[in-house]
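These notes concern the structure reproduced below.
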2 protein chains.
Amino acid sequence: MKMEKKRRLPTTEVLMEIDRNSYEPAYMQLVNLIKQQIAMGMFRPGDQLPSESQLCSRYHISPMTVRRAINILIDQKIATASQGKGTFVTSIKLGSAAFHLKELQDFFMDKNTTVKILEVRIVPANKRTGKKLGVKSGEAIIYIRRLLLQGEEPFFYHKEYLIYDPARPIVESELEVTSLRGLFNGTGSSEFKKGDLNIEATVITREETQVLKTQEGLPAFRIEHIFYDFAENPVSWGWFICRGDKLRFTTTVGIQETF
Amino acid sequence: MKMEKKRRLPTTEVLMEIDRNSYEPAYMQLVNLIKQQIAMGMFRPGDQLPSESQLCSRYHISPMTVRRAINILIDQKIATASQGKGTFVTSIKLGSAAFHLKELQDFFMDKNTTVKILEVRIVPANKRTGKKLGVKSGEAIIYIRRLLLQGEEPFFYHKEYLIYDPARPIVESELEVTSLRGLFNGTGSSEFKKGDLNIEATVITREETQVLKTQEGLPAFRIEHIFYDFAENPVSWGWFICRGDKLRFTTTVGIQETF
DNA sequence: TAGTGGTCTAGACCACTTA
DNA sequence: AAGTGGTCTAGACCACTAG
């Protein structure tokens, strides 16, 4: 069965050329052309792709253009190159799969999404929060609890501890959805240089049932975050709890259908 | 506070040059140089980076080399470019965060990891499995249950439904860890063209407590997969259940410390 | 009109692999 | 020695944006 396919498919050979008048750049056309050939089975995982010079003369484009196309295939994990040997089609790797929080972004961009501030307080840091934020136990920090709703329905519960800077008053707008939305799409003022994120599976606790209007023991995601300023000091530590039935992450490995 | 920093930092100016004798390619040196300048606060989110021609003359490298460096910054989501306007530093976006299954890969590459086949059967497809695998209800398919252990400790429970091809006997080796390991690092024979993955939060069911030696109701991840062959037909559908206390995904957004 | 990024050329030299 | 990928040059032309 496998052999039969391997023998049959190459007969449906495509002899496409690069269209120099297309709006689509030559290097992109080449990327898609090679992807299609892989998808059709003309090149199988492990097979060697034509060398750069072969592709140059075959499609009448310069080495740099071929190079660029191949680099794209390589960082899409579709091919690997090794100097002196050649470029080879990779087989699909689960290890290369990545789940994007972009799916979460949609929640935040939704116009029906609102943020309800449940609580804002200045509190003394305890041992744990002090350690996370790099301040001494007992120092004043800001504690915020938010509830994110889509329409009437709560789906995210957010707790956050922030460095308290007496010189910088807590601005109302920072507490609203805008600050969270900015974090997701990058339009915020962004005092942050970097953030560490962490996703765990968890279950809804009794406290969370109240605000999320759901049942104790149901599955949930816990997305923890620490954000650092440009001096590498932590300024925000907190986490989102999201009902498991409201969120899932999806992705694809292997050849995508982008043509 | 913010203004003060902005005024103070640029005085610590770095005047590094590209070292043409370095093992590190010029374009990579430029990438890291710009990253460092961003990390130091010389360029803040929203700021415009020097134009390509400025970078060319500043560092005495050709336009293509500058271009390459900038493209890297762009697809690392550190900068955005728009034609006619310039290249700008982005603020960090949660939406660009990605969680990699590479962390899972470590489990599979571990030498202590073993696979115990709990069950292999030819079964008739029911309505649901038939739909997933694209066969009629009642047609014969393969059903496999595996348990993955690290040392003595079970951490993954895997159920899989496979297309049954009478012409291709079930090879013993395919049932062992090798086939799963190959899926993760790409060394397998890989009949698959692509796979769709899906992660949900869930809780351990009664059946799963038996094999995973844990308690009902504890949090867990459920990683579902469908793999397609080169003709785009589904050939495998299944899912992994992993104890929530054994697995977490981590990632970083913003400027990485790669220099 | 001047400046920006986006693409592309037609080579060159190097490092590595294989025979 | 021949073939491969990896890097880089010194320009060119284009499309877009802004004053």
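By convention in this document, chain letters (A, B, ...) are assigned in the order of the sequence lines, proteins followed by strands, and residues within each chain are numbered from 1. Hydrogens, waters and symmetry mates are skipped; everything else that's a heavy atom, side chains included, is used.
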Mind listing the residues from residues 82-89 of chain B sitting with a heavy atom below 4.0 Å of DNA chain C? Number order is fine. B:Ser82, B:Gln83, B:Gly84, B:Gly86, B:Thr87
Salt bridge or not between B:Lys132 and B:Glu224? Use side-chain N to carboxylate O under 4.0 Å. yes
So do A:Val235 and A:Tyr228 actually touch side chain to side chain, heavy atoms under 4.5 Å? no
Given atom CD1 of A:Ile18 and atom C1' of C:dC8, what is their separation to the nearest angstrom? 13 Å
Quick one: does A:Gln150's side chain have a donor or acceptor within less than 3.5 Å of a partner on A:Phe155's backbone? no
Reckon A:Ser62 has a side-chain N or O less than 4.0 Å from the OP1 or OP2 of C:dC8? no
Could you tell me the separation between the CG atom of B:Leu55 and the C1' atom of C:dG5, rounded to a whole number of Å? 12 Å
Can you check the B:Arg20 CZ to D:dC8 P distance for me, whole Å? 7 Å
Assign each of B:Ser53 and A:Tyr27 to its nearest nucleotide of DNA chain C by heavy atoms, then name whichever residue's nucleotide is nearer the 5' end. B:Ser53
The answer to which of B:Met64 and B:Leu49 contacts DNA chain C further toward the 5' end, by nearest nucleotide, is B:Leu49
Look through every strand shown and name the nucleotide pairing with D:dG19 as Watson-Crick or G-U wobble, where both distances are under 3.5 Å. none
Whole angstroms only, please: what is the CD-C1' distance between B:Glu52 and C:dG3? 12 Å
Answer yes or no: is there a side-chain heavy-atom contact under 4.5 Å between B:Ile117 and B:Val115? yes
Nearest-angstrom distance from the residue atom CD of B:Glu24 to P of C:dC14: 20 Å
For D:dT7, does either OP1 or OP2 sit under 4.0 Å from a side-chain N or O belonging to B:Arg68? yes
Mind calculating the distance between CD (B:Gln48) and C1' (C:dG3) to the nearest angstrom? 10 Å
What is the distance, to the nearest angstrom, from the CD1 atom on A:Ile70 to the P atom on D:dT4? 11 Å
Can you name the residues that form a side-chain contact (heavy atoms from CB on, under 4.5 Å) with B:Ser62, not counting sequence neighbours? B:Met64, B:Thr65
Close side-chain approach of A:Asn198 and B:Phe249, heavy atoms under 4.5 Å: no
Would you kindly give the CG-to-C1' distance between B:Asn71 and C:dC8, to the nearest whole Å? 13 Å
Strictly under 6.0 Å, is that where the ring centroids of B:Phe99 and A:Phe99 end up? no
side-chain N/O B:Thr65 vs D:dT7 OP1/OP2, d < 4.0 Å: no
